[in-house]
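Both backbone and side-chain heavy atoms feed into the values below; hydrogens, waters and symmetry mates do not.
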Amino acid sequence: MWELPIWSAVIMIIGCLIAGGVIGFFGARYYFKKQMEKNPPINEKMIRAMFKSMGRNPSEKQVREVMRNVNSQK
């Protein structure tokens, strides 16, 4: 069989851990971005529902203004 010096085994383990961390980070970031595109945190329907729950009937201008404010906070 192979005789692997202990220092090279330690370097390989550390290298694999770093590579796994980098791959995991970018994989999680890609998945999170994809989910945010499919399910945005707030949309016009939610804003209209919020206005109606406060007892107001929003105009289209008010809805667009709230959406613009929400998107500018990103």
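Here the shortest heavy-atom pairing between K52 and N57 reads NZ-OD1, 3.5 Å.
Residues M46 and M36 do not share a hydrophobic cluster, clusters being chains of Ile/Leu/Val/Met/Phe/Trp/Tyr side chains in contact below 4.5 Å.
Applying the side chain to side chain donor-acceptor pair (under 3.5 Å) rule to pairs touching residues 40-49 yields E44-R64, R48-E60, sequence neighbours excluded.
The CD atom of E3 sits 11.0 Å away from the OG atom of S8 when rounded to the nearest 0.5 Å.
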N/O donor-acceptor pairs under 3.5 Å from side chains in residues 11-35, not counting sequence neighbours:
none

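More than 12 heavy atoms of other residues, nucleotides or ligands lie within 6.0 Å of CG in L4, so this atom counts as buried by the packing criterion.
Among residues two or more places apart in sequence or in another chain, the side-chain contact (heavy atoms from CB on, under 4.5 Å) test is passed with S59 by K61, Q62.
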